[in-house]
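What you see is a predicted model; the values in this text were computed from it and never measured. Numbers here are sequence positions counted from 1.
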Amino acid sequence: QWVYNILEKKAEADRIVYENPDPSNGFVLVPDLKWNQNQLDDLYLVAVVHRREIKSLRDLTAEHLPLLRNVLQEGKEAIVKRFGVPGSQLRVYLHYQPSYYHLHVHFTALGYDAPGSSVERGHLLADVIDNLDMDSAFYQKRALTFPLRADEPLFKKFQEAGKV
């Protein structure tokens, strides 16, 4: 609901750094709650797409390339304009598995070791775009490795199925 409240401007409207209102290829860029916005060393913003049917990396196809390219280009432009941090100093990625199932993209300072930015969970948006350019169904077919904590319900399901 937090995501929908942001998209509908029912919450955190004053925190919006940038918005592309296009219903198909637009998004809202907001500071992540982990970032206090007092320094740029741990800069952390999230782009939340307007399209509600895209839940995660697994849903993406070549049809979504205009959206993904907008997020990458316009997100970087908004960050350099507002915070003076160039795109070359940003890590732009998606999580798999995500913490919530509505497509969102993380923008963090390159030097900041943000939770989930490691290779096991973070998928660089530029790589995602390239992969979809090569094969529209890349993320429907590709095996994706991801970490799980021992106390997560999904981990327990894997244990029960004898997969761990």
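Between L67 and S24 the shortest side-chain heavy-atom distance does not fall below 4.5 Å. For the pair I129/L72, a side-chain contact is recorded, criterion being any heavy-atom separation below 4.5 Å from C-beta on. Put simply, the side chain of E152 does not reach to within 4.5 Å of the side chain of P147, judged on heavy atoms. Side-chain contact check for L103 versus L68: some heavy-atom pair is nearer than 4.5 Å. Residues L144 and L57 meet the side-chain proximity criterion, which asks for heavy atoms closer than 4.5 Å. I6 places a side-chain heavy atom less than 4.5 Å from the side chain of V30. Residues L60 and V128 form a side-chain contact, since some pair of their non-hydrogen atoms from C-beta on lies under 4.5 Å apart. By the 4.5 Å heavy-atom criterion applied to side chains, V71 and V49 are counted as neighbours.
Atom CG of L40 and atom OH of Y112 lie 13.0 Å apart (nearest 0.5 Å). Rounding to the nearest 0.5 Å gives a distance of 12.0 Å between CZ of F27 and CG of L7. To the nearest 0.5 angstrom, L65 atom CG is 5.5 Å from L132 atom CG. One finds the CG atom of L43 at 5.5 Å from the CD1 atom of I79 (value rounded to the nearest 0.5 Å). Remark: R121 CZ to S99 OG distance equals 5.5 Å, nearest 0.5 Å. Separating the CD atom in Q159 from the CG atom in L154 is a distance of 11.0 Å, to the nearest 0.5 Å.
When the side chains of ILVMFWY residues are joined at heavy-atom separations under 4.5 Å, either directly or via intervening members, Y101 and L125 end up in two distinct hydrophobic clusters.
K55 places a side-chain N or O within 3.5 Å of a backbone atom of R52 that can act as its donor or acceptor partner. The backbone N or O of H102 sits less than 3.5 Å from a side-chain atom of H104, completing a donor-acceptor pair. Remark: the backbone N or O of V92 is not paired with any side-chain donor or acceptor of K76 at under 3.5 angstrom.
A search for ring pair (Phe, Tyr, Trp, His ring centres under 6.0 Å) contacts involving F107 returns nothing, not counting sequence neighbours. Applying the salt bridge (Lys or Arg N to Asp or Glu O under 4.0 Å) criterion to K34, with sequence neighbours excluded, gives D32. For H50, the side chain to side chain donor-acceptor pair (under 3.5 Å) partners two or more places apart in sequence, or in a different chain, are E19. Legend: residues meeting side chain to side chain contact (heavy atoms under 4.5 Å, CB included) with L124, ordered by chain and number and at least two apart, are R91, Y93, D127. Every ring pair (Phe, Tyr, Trp, His ring centres under 6.0 Å) that Y44 has, sequence neighbours left out, goes to H106. Considering only residues two or more places apart in sequence or on other chains, D151 meets the salt bridge (Lys or Arg N to Asp or Glu O under 4.0 Å) condition with R149. With sequence neighbours left out, R82 forms a salt bridge (Lys or Arg N to Asp or Glu O under 4.0 Å) with no residue at all. Partners of F83 under the ring pair (Phe, Tyr, Trp, His ring centres under 6.0 Å) rule, at least two apart in sequence or in another chain, are W35. Taking N38 as the reference, nothing meets the side chain to side chain donor-acceptor pair (under 3.5 Å) condition, with sequence neighbours excluded.
Counting only residues at least two apart or on different chains, the side chain to side chain donor-acceptor pair (under 3.5 Å) pairs with a member in residues 137-148 are N131-Y139, D135-K141. Within the structure, ring-ring contact (aromatic ring centres under 6.0 Å, His included) pairs that include any residue of residues 140-160 comprise Y96-F146 (at least two apart or interchain). Residue pairs meeting the salt bridge (Lys or Arg N to Asp or Glu O under 4.0 Å) criterion with at least one partner in residues 61-75, sequence neighbours excluded, are R51-E63, R69-D133.
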Before giving the answer on side-chain contact (heavy atoms from CB on, under 4.5 Å), spell out for L90 and L110 the whole-Å C-alpha distance, their side-chain angles and the decisive distance to 0.1 Å. CA-CA 5 Å; L90 295 173; L110 196 55; over 6 Å; no
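Listed here is the closest heavy atom pair of S136 and A62: OG-N, 3.1 Å. Nearest approach of G84 to P86, heavy atoms of both residues: O-CD, 3.5 Å. Closest approach of A109 to D41, counting heavy atoms only: CB-O, 3.6 Å.
In summary, the side chains of Q73 and N70 do not present any donor paired with an acceptor at a separation below 3.5 Å, with no hydrogens or angles considered.
In this structure, K157 places its NZ atom where only 12 or fewer heavy-atom neighbours from other residues, nucleotides or ligands lie under 6.0 Å away.
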